Amino acid sequence: MESGARKTPDLLIRGGILLDPETGRQRRADLLIRGGRIVGIAESIEADDVPVYDATGKFISPGWMDMHVHLREPGQEHKETIETGCRAAAFGGFTAVACMPNTDPPIHTRDVVEFVIERGRRTPVDVHPIACVSKNREGKELTEMADLVEGGAVAFSDDGSPVQHGGLMRRALEYASMLDRAIINHMEDLTLNPHGHMHEGVVSTRLGVPGIPPVAEEVMVARDLILAEYTGGHVHVAHISTARSVELVRQAKARGVRVTAEVCPHHFTLTDEAVERTGFSTNTKMHPPLRTAADIAAIKEGLRDGTIDAICTDHAPHASFEKEVEFIEAPFGIIGLETAWGLIGRELIAPGVLTVAEAVYKLTVAPRRILRLPVPRLAEGEPANLTIFDTTTRWVFEERHIRSKSRNTPFLGEELVGRAWAIYNRGWFVPQEP
């Protein structure tokens, strides 16, 4: 794990600002951990027998969760492993991740679910597998959903591919509803995306690159919202990227449809113009693609008014030899765990789109409620599961900050605002160097 990671059952965190993301309340206090549990919260605590971490000027919140990452293990360990992915998560301030099932073999049987959980236990980061909707992610036959949930699956998705077949999606929503789990769909009608590689629009036309039209996402969002309304199931919109998708979710929520949605930092930070500006850098190729400034504005408003529930990264590592090819030949995706908070601070908190508490809520409470997981609390007697961070540190993201096994990011050399400085979880303390 991270070189600074260490088992630290007892720790005194001094002078931090405790933040409750549900109420927005803040208080400056010392926090004492013994045996991995919070045993004291007070203005001043003396404990000479435990290590001390000075959190003066920093926030302490319940541990963050990224509900959409690709850890690649089993089967694609040249891109990432559960260990290296969790190392990246810890650097980014996350004490938990939920990993997508497009591995090899896919997470479509209970033994693979249990394998992923067991590997995650070796790290300071809780790893929650999301299992496949369909066997082998082929979109033909439902997986053994009940058995997967018993094994520890927290939701279902064929992410990397959509559930294209409407009848299968209906049955998935019905079965998952009985198990009180969400279906997380990659929202894309493939019949409307004939091998596109970036957002279909003015820039793609100018560059001569086949495009992915926004309507491919929006048609699938509309279909799934209607199916969720009909079945009573819970549909979760993965990595939302267009203005109309945001509006469709907003209207469905107003009707009482069981729908939640997530967004990634790159979709509220970069537009399709980045492809042109970087000279076809394959690190600007992701799925869904970077959209337009109007889409970014709509996404920020969706975050502000609560239409978009959670912020995730869609951390998608690829080896250098896979990305260092022609743009059209390159795989989709970028890493995102290390840069998430710095982009949230720069793009959302500094401009006043979200308060600190609102941003942290979308990283702590919302994802766990969507996935039916308990939310950590900063209270005496509770297991210590927390993130220490600030919102003001300006720092340039450099290759030395990358903890992932892969390097595919468009944000190298960019100034970010806000740093995650440490996590504590399950008796592990992982501080970061300045």
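Values in this document were obtained by computation on a predicted structure and should not be read as measured data.
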Here the pair of heavy atoms bringing Ile60 nearest to Gly16 is CD1-CA, 3.9 Å

Run Asn425 and Val125 through side chain to side chain contact (heavy atoms under 4.5 Å, CB included) and show every step you take. CA-CA 7 Å; Asn425 186 36; Val125 177; 5.7 Å; no

> Can you say whether the rings of Trp64 and Trp341 are parallel (under 30°), tilted (30 to 60°) or perpendicular (over 60°)?
Replying inline: tilted

Discussion item. Are there over 12 heavy-atom neighbours, none belonging to Glu322, within less than 6.0 Å of that residue's CD?
Written reply: yes

Are Val360 and Phe59 packed together at the side-chain level, in the sense that at least one heavy-atom pair is separated by less than 4.5 angstrom? no

Answer yes or no: is there a donor N or O on one side and an acceptor on the other, between the side chain of Lys323 and the main chain of His318, under 3.5 Å?
no

Between Glu262 and Ala238, the two heavy atoms sitting closest are OE2-CA, 3.4 Å

* Asked: Quick one: are Val275 and His197 in side-chain contact, heavy atoms under 4.5 Å?
  -> no

Side-chain contact, heavy-atom cut-off 4.5 Å: Met65 with Leu373?
yes

Residues Glu114 and Gly151: closest non-hydrogen pair is CG-O, 3.8 Å

Any donor and acceptor pair, going by atom type alone, linking the side chain of Asp159 with main-chain N or O of Asn185 inside 3.5 Å? no

task = Report the C-alpha distance between Leu11 and Val50 in whole Å, list the side-chain angles of each, state the deciding distance to 0.1 Å, and finish with yes or no for side chain to side chain contact (heavy atoms under 4.5 Å, CB included).
result = CA-CA 5 Å; Leu11 180 69; Val50 300; 5.9 Å; no

Indicate yes or no: at least one non-hydrogen side-chain atom of Val246 is less than 4.5 angstrom from one of Val249. no

- Query: Would you call Glu415 and Arg346 a salt bridge, taking side-chain N to carboxylate O under 4.0 Å as the test?
  - Reply: no

Practice item. Determine yes or no for a side-chain-to-main-chain donor-acceptor pair under 3.5 angstrom, with Asn193 supplying the side chain and Gly196 the backbone. Key: yes

Output for pair (Leu363 CG, Cys312 SG), nearest 0.5 Å, gives 9.5 Å

message = Check Arg87 with Glu83, please: is the shortest side-chain N to carboxylate O separation under 4.0 Å?
response = yes

Indicate yes or no for a side-chain donor-acceptor contact from Tyr230 to the backbone of Arg170 under 3.5 Å, with no hydrogens or angles considered. no

Between Val209 and Phe280, does a side chain to side chain contact (heavy atoms under 4.5 Å, CB included) hold up when you go through it step by step?
CA-CA 10 Å; Val209 176; Phe280 294 99; 3.6 Å; yes

Would you check if the side chain of Arg181 reaches a backbone N or O of Tyr175 as a donor-acceptor pair within less than 3.5 Å?
-> no

Backbone N or O of Val353 within a donor-acceptor pair of the Lys300 side chain at under 3.5 Å? no

Practice task
Mark yes or no for whether Lys405, through its side chain, and Pro317, through its backbone, hold a donor-acceptor pair below 3.5 Å.
Solution key: no

Check the orientation of His401 and Phe91. Use parallel for under 30°, tilted for 30 to 60°, and perpendicular for over 60°. tilted

Sorted by chain and residue number, the ring pair (Phe, Tyr, Trp, His ring centres under 6.0 Å) partners of His266 (sequence neighbours excluded) come out as none

What I want to check is whether the side chains of Asp309 and Thr260 have a donor and an acceptor closer together than 3.5 Å.
no

Q.
Aromatic contact between His287 and His239, with the criterion being ring centroids under 6.0 Å apart: yes or no?
A. no

Checklist entry - side chain to side chain contact (heavy atoms under 4.5 Å, CB included) between His315 and Phe94: does it pass, once the steps are laid out? => result CA-CA 12 Å; His315 176 83; Phe94 297 95; over 6 Å; no

Note: Arg258 and Gly232 closest approach over all heavy atoms is NH1-O, 3.1 Å

- Message: Are more than 12 heavy atoms, taken from residues, nucleotides or ligands other than Arg304, located less than 6.0 Å from that residue's CZ atom?
- Response: yes

- Task: Please say whether more than 12 non-hydrogen atoms of neighbouring residues, nucleotides or ligands are located less than 6.0 Å from CZ in Phe411.
- Result: yes

Margin query: Tell me if a side-chain donor or acceptor on Asp66 pairs with a main-chain N or O of Thr313 at a distance below 3.5 Å.
Written below: yes

(Q) Can you confirm whether more than 12 heavy atoms, excluding those of Glu229, are under 6.0 Å from its CD atom? (A) yes

**Report entry** Check: Glu80/Ser404 side-chain N/O donor and acceptor closer than 3.5 Å
**Finding:** yes

- prompt: Would you find more than 12 non-hydrogen atoms of other residues, nucleotides or ligands less than 6.0 Å from Arg372 atom CZ?
  reply: yes

* Answer yes or no: is there a donor N or O on one side and an acceptor on the other, between the side chain of Thr95 and the main chain of Asn385, under 3.5 Å? => no

- Message: Could you check whether atom NE2 of His78 has more than 12 heavy atoms from other residues, nucleotides or ligands sitting under 6.0 Å from it?
- Response: yes

Check: Please walk me through it: do His267 and Asp314 pass side chain to side chain donor-acceptor pair (under 3.5 Å)?
Finding: CA-CA 11 Å; His267 284 129; Asp314 193 12; over 6 Å; no

His70 versus Gln76, side-chain donor and acceptor atoms under 3.5 Å
no

query = Side chains of Phe429 and Pro124: does their closest heavy-atom pair fall under 4.5 Å?
reply = no

Next on the checklist: Is it the case that over 12 heavy atoms from other parts of the model lie below 6.0 angstrom from the CD atom of Glu433?
Outcome noted: no

One should read off an interatomic distance between Arg72 CZ and Met100 CE, to the nearest 0.5 angstrom, of 11.5 Å

Report task. May I ask you to test the Lys140-Lys135 pair for a side-chain heavy-atom distance under 4.5 Å? Result -> no

Salt bridge (Lys or Arg N to Asp or Glu O under 4.0 Å) between Arg110 and Glu150, intermediate numbers included: CA-CA 8 Å; Arg110 182 169 177 168; Glu150 287 181 10; 3.4 Å; yes

task = Return yes if some donor-acceptor pair links the side-chain N/O of Arg403 with the main-chain N/O of Arg400 below 3.5 Å, else return no.
result = yes

Heavy atoms of Glu77 and Pro74 approach each other most closely as OE2-CA, 3.5 Å

Heavy-atom closest pair (Leu337 atom, Ala88 atom, distance to 0.1 Å) is CB-O, 3.8 Å

Practice item. Please tell me if the side chains of Val237 and Ser245 come closer than 4.5 Å, counting only heavy atoms from C-beta onward. Key: no

Heavy-atom neighbours of Arg34 CZ exceed 12 at 6.0 Å
yes

dist Ile311:CD1 -> Leu354:CG (nearest 0.5 Å) comes out at 6.0 Å

To the nearest 0.5 Å, atom CD of Glu276 lies from atom OG1 of Thr278 at 9.5 Å

Exercise. Among side-chain atoms of Arg291 and Ser241, is any donor-acceptor pair under 3.5 angstrom?
Worked result: yes

Distance col, row Arg369:CZ vs Thr364:OG1, nearest 0.5 angstrom, shows 9.0 Å

Original post:
Strictly by modelled atom types, are Thr81 and Thr84 linked by a side-chain donor-acceptor pair under 3.5 Å?
Top reply: yes

> Do Ile107 and Phe115 touch side chain to side chain, with heavy atoms closer than 4.5 Å?
Replying inline: no

dist Leu270:CG -> Leu343:CG (nearest 0.5 Å) comes out at 8.0 Å

